[in-house]
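Keep in mind that what you see is a predicted model, and the values were worked out from it rather than measured. Each chain gets a letter, A, B and so on, in the order its sequence line appears, and its residues count up from 1.
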Amino acid sequence: MAGHGLPDWALIAYLASGVLFILALRGLSSPTSSRAGNRYGMAGMAIAVVTTLVTQISAAPTAGELTALGKIVAAIAIGAVIGLVIARRIQMTAMPQLVAAFHSLVGLAAVLVAAAAMLSPAAFGIVGADGLIAGVTRVEMALGTAIGAITFSGSIIAFAKLNGSMSGAPILLPARHWINLALLLAIFFFMFGFWHSQAPIDFWLVTGLAFLLGFLLIVPIGGADMPVVVSMLNSYSGWAAAAMGFTLHNTAMVITGALVGSSGAILSYIMCRAMNRSFVSVIAGGFGTENGAGGEGTKVDRPWKRGSAEDAAFLMKEAEQVIIIPGYGMAVAQAQHVLREMADLLKKEGVRVKYAIHPVAGRMPGHMNVLLAEANVPYDEVFELEDINGEFAQTDVAFIIGANDVVNPAAKTDKASPIYGMPVFDVDKAKTIMFIKRSMGGVGYAGVDNEVFYRDQTMMLLADAKKMVEDIVKALQH
Amino acid sequence: MDFIAILSIFVLACFVGYYVVWSVTPALHTPLMAVTNAISSVIVVGALIAGAASAGLSSWLGLAAIVLASINIFGGFAVTARMLAMFKRKGR
């Protein structure tokens, strides 16, 4: 019996597992403590699983219980094998897709658990003396299935967009806000119905409509906003777990749900702030259309300087400090390893090399840090925007690779620009700016021209990012 | 446990979450998401109850949820460990 009928030791064990989850997140305050933190998380999960099994299966198990236990162990084994294989094989560039896919699993699991609890409430110990589920519990489980279903279908769309299985361009239905509002109201209506009569049909309608809503909510959101969406779905998966924790009166689930829910909410906030977008405008969707929000008419032929790999190598060798600003384009070109080689050669020449990371440099919060760590860049050479932005005035070379919008001064000066107000790197204060770009034609995610291309101190290095850095490495070795 | 007791735990845990997550270094935000993914699969507790105690449709729903949550638990912790192992200091 869950919740009410549990022995004290089990309640304390669930509490302990909740505390271990708090410590797991706490460990992430620094890379040195993070690995221990991850182990706390694993221990917390093991305690929760074992406690549940011990309370569910009696000391002298019946044949039926043993069969059930066998099926459970098999189910865990299947999941473990799939999970471990995925975790081992996944490329770090594909981490956003993986996280989105994992969110969808949490969402679907919440729906399944809510459905199982609705069908066999006695097994979960949630029936009252009248043989019915308590009213407040009905609301909790309806909320659990609704949030779970939205998380599931929303994450599937986010996965497809991040994975390139579907276009990153927003798909805009006419009157989509009204459709979504109507769906939301319908979900609340049937939730009310389920609270009122505990009719299974209401539960299934809530679930089905929530699946549809999750799908419609994410489809209009463009690829550029996916970091926010992934964080938001992270938050939803937490709230779904919390709602199920309320349903089953389980402390570990409630604590975890609250932790994950706030974590995702904070990350969404950080991402929105980094793009100077309001959360509402992200959710409303439509940003980052294929033909650009402001690009037209701004293109004029202006003089710019082209440099070669040899010029770049020479200038950087003479520099005292070089700041590298990587963007997602660097990861797409798989240039991170050769970039680190370049930095190593420069360090041998006595150059101070630092990396500057914009919060939206990757495709999800902290993505670029992981990609650099994978290329063996020491984390104490990597700095966040606000920690390094004051240093450009004392920097000889700002080396921009695969980034564009995050160094665009229009964000500071041009009120009409779609990226106005977004915090950007003050690269124009550096003595020399090197800008690796495939051609002069392309523009960033936001579809705006960049003043930095035409500055006196800018040297455009037009080539594939990986090829260009390889050439610079060759030139440095001579 | 009554509703108010659970609600109290929830509200306090939200505050704990708020302060703990703000103290996470931005460099580790991707591992943070991977590990929160893994721990939110504590929903497996509900799946285990369904799988262990009931028969028929709900036990199969429970077993399916156990598979999904286990993918997440094992995959999530393993991929987090893999990422964290990459973060090294200067002069390794």
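- By the 6.0 Å contact criterion, CZ on A:F383 is enclosed, its count of non-hydrogen atoms from other residues, nucleotides or ligands being greater than 12.
- Proximity to chain B (any heavy atom under 4.5 Å) is restricted, for A:M95, to the side chain, taken from C-beta onward.
- For chain B, the nearby parts of A:S263 are the backbone and the side chain; heavy atoms of each come within less than 4.5 Å.
- Both the backbone and the side chain of A:M42 come within less than 4.5 Å of a heavy atom of chain B.
- Contacts of A:I357 with chain B are absent, with no heavy-atom separation under 4.5 Å from either backbone or side chain.
- Contacts of A:Y269 with chain B are made by side-chain atoms alone, with heavy-atom separations under 4.5 Å and no backbone atom involved.
- For a residue to count as touching a neighbouring chain, one of its non-hydrogen atoms must lie under 4.5 Å from one of that chain's; by this rule A:E374 touches chain B with backbone and side chain alike.
- Within the 4.5 angstrom heavy-atom criterion, atoms from both the backbone and the side chain of B:A78 approach chain A.
- Screening A:L25, A:L23, A:L28 against B:V20 for a side-chain contact (heavy atoms from CB on, under 4.5 Å) leaves a single residue, A:L25.
- Put simply, of B:L63, B:V16, B:I71, B:V79, the one with the most heavy-atom pairs under 4.5 Å next to chain A is B:I71.
- Interface remark: A:R39 contributes no atoms to any contact with chain B (heavy atom separation under 4.5 Å).
- Interface residue A:L108: backbone and side-chain heavy atoms are both found under 4.5 Å from chain B.
- Residue B:L12: no heavy atom, backbone or side chain, is found under 4.5 Å from chain A.
- When the ring pair (Phe, Tyr, Trp, His ring centres under 6.0 Å) test is applied to B:F74, no partner is found at least two apart in sequence or on another chain.
- Contact annotation for A:T52: only side-chain heavy atoms (C-beta onward) come within less than 4.5 Å of a heavy atom of chain B.
- Between A:I57 atom CD1 and A:I72 atom CD1 the span is 5.5 Å, to the nearest 0.5 Å.
- In this structure, OH in A:Y40 is found 9.5 Å from OG in A:S33, a value given to the nearest 0.5 Å.
- With a threshold of 4.5 angstrom between heavy atoms, B:V45 approaches chain A through its backbone and through its side chain.
- At a 4.5 Å heavy-atom cutoff, the contact between B:V24 and chain A is made by backbone and side-chain atoms alike.
- Contact annotation for B:I73: only side-chain heavy atoms (C-beta onward) come within less than 4.5 Å of a heavy atom of chain A.
- Only the side chain of A:L98 comes within contact range of chain B, judged by heavy atoms closer than 4.5 Å.
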